[in-house]
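Down below is the structure, laid out as structure tokens.
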Amino acid sequence: MAERNGGRTLRAEIVEALIHPGRRFKRTELYRSAVRHPSPASPRGRAMTSFHNFFLHIYPVKVPRKVLSFRSTFRLGFIATVLFTILFVSGMYLMFFYHPAVPQAYFDMHNLATSVAFGQFVRNIHRWAAHLMVLVVGLHLLRVFYSGAYKAPRQFNWLIGVALLVATLLFSFTGYLLPWDQLSFWAVEVGTSIAGNAPILGSKAQQILLGGQEVGGNALLRFYVLHIYVLPATLIVLLAVHIWRVRKDGFQVADREEAAATITEPESGAREEVSAGV
Amino acid sequence: MSEREEPRYRLLGVVPHEIEVHPAREPEDEVFTWPHFLVRHVVIAGITVAVVFALAIAFDAPLKDLANPNLTPPVAKAPWYFAGLQELLHWFHPMVAGVLVPTVAVVFLAALPFLDRSRGWRVRDRKLVVVVVTALVVAAVALTLIGALFRGPEWSWVWPWQHLYLEL
Ligand code: HEM
């Protein structure tokens with residue numbers, strides 16, 4: 001058993017493990033079964049890194065050089081994604097200490113502040129990230145509009161975007177009720193009484209949303225389920241499609257010069273020969 | 001393996017010129033995502049997390065008294081992003097401000113790429129749609145600011161420097 005793979009002696013292995021534990025670890029079967037691409041030091045390595053990593057697969061292997069400029073997208077869609085991730089993680093922590101029941105929900109807020117480790121801090125993170133997300137999604141929409149990125153072939157992704165915007169607003173609004181204090185109660189009272197005004201379906205919609213005639217325990221439970229189950233599932237699926245489409249269509253910034261270079265008005269009857277290698 | 005042959009070409013067809021032929025992007029115009037693009041994303045993500053943490057350290061999330069359906073507070077405001085709608089509600093019938101306007105707004109937004117028949121992505125190529133949307137955005141932002149910052153008890157006008165009735 002003195003000879004190991006690569007012809008190293010057991011002693012050399014131990015010495016390497018002590019001096020270069022990282023390098024030794026990268027040669028283990030465990031590491032090599034998880035990370036199957038070569039080192040991203042060469043162009044081939046970089047391409048392989050993208051092909052072999054699930055998370056990097058969200059990105060194309062190569063991106064247009066222009067998208068490296070901050071002003072190409074102002075990174076607003078990406079910032080919205082980061083904020084959503086922050087909300088997902090901080091929200092999970094809060095769920096451990098929250099009961100969607102009247103009036104326990106309110107006391108849980110006090111509990112978070114007084115007797116949960118980092119409870120108030122995590123609640124603050126969740127709240128400010130939520131406000132920022134609404135703002136950033138709004139700015140992202142404006143960026144997409146003013147750069148003309150909603151046009152063909154990206155019309156459908158714009159539609160998905162509108163659905164994401166609505167989901168974001170509903171997220172924020174359902175979350176607003178959960179602390180069950182005077183602020184959340186009356187904000188939601190104002191908001192949902194509007195729904196009751198819709199013709200025919202209005203009172204029905206209000207009834208379904210609140211689980212009764214007024215904002216009470218049933219409404220709290222429904223808002224909670226929407227907030228921690230229905231909306232996250234919806235938003236994650238929509239976001240996956242949204243980002244996948246960005247990848248498929250390419251960043252719009254790359255089309256800008258091409259569009260300018262394309263001759264828009266061909267001579268009438270102009271023909272082009274299409275040929276292909278055989 | 002045979003020797004490398006010269007490629008031979010054959011005419012496959014004749015198509016109208018208008019058909020969009022996307023010229024293949026020059027390879028020099030593209031860079032590897034890893035590391036060039038990824039590094040930028042890591043930096044932006046770090047800044048975003050830092051900003052949220054700083055806000056969370058500096059400001060506590062609000063918590064008022066226990067909800068009480070029998071005690072209407074002097075100002076009952078919707079969250080800030082709905083303050084514009086609440087401002088509209090002050091001026092128009094709830095059917096209009098609460099139902100019609102938001103529905104039309106969302107439908108208009110969704111339909112925008114299909115309504116806009118202009119060609120080209122530059123602002124000067126699509127003046128009409130840019131003017132219309134900008135006017136709507138300015139109106140929405142103005143209504144939101146008024147509702148969020150300039151309204152007090154009974155939806156009366158209060159200058160924000162006199163008293164700011166804004167809860168986040
Ligand atoms: C939860 C909300 C949203 C998230 C997390 C999100 C995320 C993203 C991301 C990461 C990108 C890549 C480019 C960039 O960073 O700008 C993107 C592009 C895009 N988004 Fe969104 N988005 C959201 C909402 C919206 C909304 C509200 C719209 C419009 C109504 C929209 C329309 C688009 C379009 C058309 C693109 C392609 C733009 C291009 O290729 O330059 N998205 N989005």
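Note on naming: letters A, B, ... go to the chains in the order of the sequence lines (proteins, then strands), and numbering restarts at 1 for each one. Being a predicted model, the structure only gives us computed values, none of them experimental.
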Check B:Glu87 with B:Arg151, please: is the shortest side-chain N to carboxylate O separation under 4.0 Å?
yes

What closest approach, in Å, do B:Leu149 and B:Lys77 show between heavy atoms, and which atom pair accounts for it?
N-NZ, 4.3 Å

Please classify the contact between A:Leu68 and chain B as side chain, backbone, both or neither, with a heavy-atom cut-off of under 4.5 Å.
both

Proximal component of A:Leu183, with respect to chain B [non-hydrogen, under 4.5 Å]
both

Only one of A:Trp186, A:Phe185, A:Phe107, A:Phe223 passes ring pair (Phe, Tyr, Trp, His ring centres under 6.0 Å) with A:Trp180; say which it is.
A:Phe185

Rounded at 0.5 Å granularity, tell me how far CD in A:Gln213 sits from CD in A:Gln206.
7.0 Å

Measure distances from A:Leu56 to the heavy atoms of chain B and classify the residue's part below 4.5 Å as side chain, backbone, both or neither.
side chain

One option among B:Val75, B:Val123, B:Val106, B:Val129 has the most heavy-atom pairs under 4.5 Å with chain A, and it is B:Val129

Quick check on B:Tyr81 against chain A: is it the side chain, the backbone, both or neither that has a heavy atom closer than 4.5 Å?
side chain

Give, as side chain, backbone, both or neither, the part of B:Val49 having an atom under 4.5 angstrom from any heavy atom of chain A.
both

Lys/Arg N to Asp/Glu carboxylate O, A:Lys66 vs A:Asp255, below 4.0 Å
no

Heavy-atom distance under 4.5 Å to chain B: side chain of A:Phe70, backbone, both or neither?
side chain

Is it the backbone or the side chain of A:Val67 that comes under 4.5 Å from a heavy atom of chain B, or both, or neither?
both

For the student: nearest non-hydrogen atoms of B:Ala56 and A:Phe121, plus distance
CB-CE1, 3.7 Å

If you tally heavy-atom pairs under 4.5 Å between each of A:Met109, A:Gln120, A:Glu189 and chain B, the highest tally belongs to A:Gln120

Below 4.5 Å from any heavy atom of chain A, which atoms of B:Thr72 appear? Answer side chain, backbone, both or neither.
both

On a heavy-atom basis, the closest approach of B:Phe92 and B:Ala97 is CB-CB, 4.2 Å

Most heavy-atom pairs under 4.5 angstrom with chain A, which of B:Leu63, B:Leu55, B:Thr48, B:Leu100?
B:Leu63

Out of curiosity, A:Trp128 CH2 to A:Ile86 CD1, how far, rounded to the nearest 0.5 Å?
14.5 Å

In terms of heavy-atom pairs under 4.5 Å with chain A, the winner among B:Phe114, B:Phe53, B:Phe82, B:Trp80 is B:Trp80

Residue from B:Ala76, B:Ala78, B:Pro73 scoring the most non-hydrogen pairs under 4.5 Å with chain A is B:Pro73

Which atoms of B:Leu38 come close to chain A, meaning under 4.5 Å heavy atom to heavy atom: side chain ones, backbone ones, both, or neither?
side chain

Interchain contact, A:Gln155 with chain B, by part (heavy-atom threshold 4.5 Å):
both

Against chain A, work out which of B:Pro35, B:Pro62, B:Ala45, B:Gly98 has the most heavy-atom pairs shorter than 4.5 Å and name it.
B:Pro62

Taking the six-membered ring of A:Tyr176 as reference, does the NZ or CZ atom of A:Arg127 fall below 6.0 Å from its centre and within a 45° cone about the axis?
yes

I need the residue from B:Leu112, B:Leu89, B:Leu71 with the largest number of non-hydrogen atom pairs under 4.5 Å to chain A.
B:Leu71

Between B:His41 and A:Phe78, which heavy-atom pair has the shortest distance, and what is it?
O-CE2, 3.2 Å

